[in-house]
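Counting from 1, the numbers follow the sequence of the chain as shown. For clarity, every value in this text was computed on a predicted model and none was experimentally measured.
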Amino acid sequence: MSRQEIPYKIYLKESEMPRQWYNVRADMQNKPAPLLNPATYEPMTAEELGAVFCDELVKQELNDTDRYIDIPEEIRDFYRMYRPSPLVRAYCLEKKLDTPAHIYYKFEGNNTSGSHKLNSAIAQAYYAKEQGLKGVTTETGAGQWGTALAMACSYFELDCQVYMVKVSYEQKPFRREVMRTYGAKVTPSPSDTTQVGRRILAAYPGTGGSLGCAISEAVETASSQEGYRYVLGSVLNQVLLHQSVIGLETKAALDQYGIVPDIIIGCAGGGSNLGGLISPFMGEKLRGEKDYRFIAVEPASCPSLTRGRFAYDYCDTGMVCPLSKMYTLGSNFIPSPNHAGGLRYHGMSSTLSQLYHDGYMEAVAVEQTAVFEAAEQFARVEGILPAPESSHAIKVAIDEAMKCKETGEAKNIVFGLTGTGYFDMVAYQKFHDGQMTDYIPTDEDLQKGFDGIPSFPGNEF
Ligand SMILES: *Cc1c(COP(=O)(O)O)cnc(C)c1O
């Protein structure tokens with residue numbers, strides 16, 4: 001197809017929005033390992049999980065067999081406010097790079113939460129409401145998930161309690177206000193409102209907190225209040241399932257123009273946007289129908305896939321959550337304080353971890369100044385100010401496009417542009433003022449994290 005025939009933005013019609021999520025686990029030969037009870041090392045039962053998570057979400061978490069799961073109409077109604085999201089042909093970036101590659105990005109920043117997280121937040125809030133719960137608790141790091149959940153909870157009139165990593169709480173006061181605008185109660189973590197928070201504060205006075213700490217506090221708060229459950233914005237199978245809406249729309253848009261991607265790229269924190277974007281394509285690869293290159297991009301300062309261990313580990317610092325088999329840096333790993341680019345979780349989705357382990361996906365780690373250079377380059381030609389997280393994917397998409405320039409190949413490169421960066425201007429400021437540094441943890445630094453991975457029979461790594 002000639003250049004003119006592919007528009008800058010491929011919008012699906014509302015009626016073409018997916019009616020079902022796609023569950024990639026159904027097509028995996030090696031299923032992701034089950035969550036384990038940290039006390040017994042036995043797989044968590046639905047009943048045990050139901051004490052922490054909503055019932056319907058537990059079913060989705062444990063469902064390794066149904067390829068498609070219906071999206072309830074109430075959720076589709078909400079999706080209609082900001083979906084289908086555009087698939088953009090990055091003509092201006094291609095021109096600037098002078099590359100023969102064709103670059104496309106799926107833009108998920110077109111909603112007030114500023115990221116893809118709303119896709120799962122609305123689903124999780126819906127199931128909590130359906131179950132007759134009063135409210136939900138959660139953690140947030142950079143604040144996108146907390147914002148998305150606050151929006152979803154206000155829509156379904158649920159109470160929303162957010163533990164926000166203390167450094168972010170202090171650095172991003174406007175994020176906090178957005179959440180409060182939507183009625184959420186926001187507490188900086190670690191706090192003295194929970195036992196685990198008090199324990200962490202006593203052990204590490206003055207700590208700025210971490211996602212792992214905030215998760216422990218949110219889980220404790222959910223279990224200690226009648227009618228509350230805990231919800232999580234990434235990592236879990238159910239979240240990847242909800243985010244498959246990104247990949248399904250991307251595939252439908254590409255199919256309409258007969259475009260077959262060669263490379264699909266996404267940033268990887270806990271793995272939800274990447275998992276969602278690649279799922280339908282990965283399904284084709286797993287079924288032997290097509291072949292694609294998938295690239296996960298992570299920060300060099302928090303390199304769980306490229307330098308982590310594939311083992312059962314705690315999902316949180318307080319060790320109250322189930323154990324998950326994943327690529328991990330250890331639950332007490334905290335990225336260097338000068339890391340400003342997000343994606344700071346110590347572990348990775350068990351589904352993506354298994355796919356990576358089995359060789360279906362590649363991973364690269366990139367340094368943050370290079371990420372912000374790519375972000376700025378992109379912003380100046382494509383008109384969108386990207387989130388630092390998303391910019392990891394931009395960086396590698398540009399790298400791949402520049403390789404095409406050398407070889408003269410017109411590859412189709414698709415990447416996930418997960419969100420906008422308006423609340424990340426302190427990080428941009430550091431970059432502009434030349435105060436941003438790159439920090440790559442040494443093997444000794446990482447070993448401290450690995451030492452915290454539990455050792456029990458069957459968990460050799
Ligand atoms: C949360 C977030 C990510 C990383 O989370 P994943 O679960 O790995 O997708 C990436 N980009 C943005 C904008 C985010 O808010």
Margin query: Determine whether Tyr360 and Asn30 satisfy the following criterion, side chain to side chain donor-acceptor pair (under 3.5 Å), listing intermediate values before the conclusion.
Written below: CA-CA 12 Å; Tyr360 288 103; Asn30 296 334; over 6 Å; no

Below 4.0 angstrom, N of the basic side chain to O of the carboxylate: do [X] and [Y] qualify?
| X | Y | result |
| --- | --- | --- |
| Asp192 | Arg198 | no |
| Lys251 | Asp255 | yes |
| Lys285 | Asp291 | yes |
| Arg180 | Glu177 | yes |
| Arg25 | Glu61 | no |
| Arg83 | Glu108 | yes |
| Lys172 | Asp424 | yes |

Taking atom types as modelled, find out whether [X] and [Y] have a side-chain donor-acceptor pair closer than 3.5 angstrom.
| X | Y | answer |
| --- | --- | --- |
| Trp145 | Thr138 | yes |
| Asp70 | Gln20 | yes |
| Asp27 | Tyr22 | yes |
| Glu56 | Tyr126 | no |
| His242 | Gln60 | yes |
| Thr221 | Gln161 | no |
| Glu362 | Tyr356 | no |
| Ser244 | Ser279 | no |
| Asn110 | Ser85 | no |

[X] (side chain) donor-acceptor with [Y] (main chain) under 3.5 angstrom:
| X | Y | answer |
| --- | --- | --- |
| Asn119 | His116 | yes |
| Asn23 | Asn63 | yes |
| Thr140 | Gly146 | yes |
| His392 | Glu389 | yes |
| Ser168 | Met164 | no |
| Ser324 | Met326 | no |
| Arg344 | Pro299 | no |
| Glu220 | Gln195 | yes |
| Arg76 | Pro18 | yes |
| Ser189 | Ser191 | no |

Next item on the list: Could you please spell out the steps behind the side chain to side chain donor-acceptor pair (under 3.5 Å) verdict for Glu284 and Tyr292?
Entry: CA-CA 9 Å; Glu284 292 183 305; Tyr292 305 102; 2.5 Å; yes

Distance check, rounded to the nearest 0.5 Å: [X] atom [atom1] versus [Y] atom [atom2]?
| X | Y | atom1 | atom2 | value |
| --- | --- | --- | --- | --- |
| Thr328 | Phe450 | OG1 | CZ | 8.0 Å |
| Tyr439 | Asn338 | OH | CG | 8.5 Å |
| Ile265 | Ile103 | CD1 | CD1 | 8.5 Å |
| Thr147 | Tyr182 | OG1 | OH | 9.0 Å |

Next item on the list: Give me the ring orientation class for Tyr79 and Trp21: parallel if the planes are under 30° apart, tilted from 30 to 60°, perpendicular past 60°.
Entry: perpendicular

Check: Should the ring pair Tyr155 and Phe78 be called parallel, tilted or perpendicular, given that the plane angle runs from 0 to 90° and is split at 30 and 60?
Finding: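 Perpendicular: the ring planes of Tyr155 and Phe78 meet at over 60°.
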
Margin query: Using the ring centroid of each side chain, check whether Phe423 and Phe174 are separated by less than 6.0 Å.
Written below: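 No, ring centres 6.0 Å or more apart.
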
Checklist line | Pair Tyr428 and Phe372, ring centroids less than 6.0 Å apart | finding: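 Yes: the rings meet the under 6.0 Å criterion.
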
Item checked: Intermediate values then yes/no, salt bridge (charged side-chain N to carboxylate O under 4.0 Å, His left out), Asp451 and Lys448 -> CA-CA 5 Å; Asp451 290 343; Lys448 285 184 207 137; over 6 Å; no

Next item on the list: Mark yes or no: Arg309 above the aromatic ring of Tyr327, with NZ or CZ under 6.0 Å from the six-membered ring centre and no more than 45 degrees from the axis.
Entry: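 That pair does not qualify as a cation-pi contact.
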
Next item on the list: Assess Lys134 against Tyr228: is NZ or CZ under 6.0 Å from the centre of the six-membered ring, and within 45 degrees of the ring's axis?
Entry: no

Next item on the list: Could you point out which residue of Pro454, Pro43, Ser331 forms a side-chain contact (heavy atoms from CB on, under 4.5 Å) with Leu323?
Entry: Pro454

Next item on the list: Please report the C-alpha distance between Arg307 and Glu298 in whole Å, then the side-chain angles of each, then the deciding distance to 0.1 Å, and finally whether the salt bridge (charged side-chain N to carboxylate O under 4.0 Å, His left out) criterion is met.
Entry: CA-CA 11 Å; Arg307 293 175 72 198; Glu298 59 185 14; over 6 Å; no

Next item on the list: Go through the steps for Thr193 and Tyr163 under the test side chain to side chain donor-acceptor pair (under 3.5 Å), then give the verdict.
Entry: CA-CA 10 Å; Thr193 66; Tyr163 284 89; 3.0 Å; yes

Next item on the list: Under the side chain to side chain donor-acceptor pair (under 3.5 Å) rule, what do Asn273 and Gln243 come out as? Steps first, then yes or no, please.
Entry: CA-CA 6 Å; Asn273 87 83; Gln243 296 296 357; over 6 Å; no

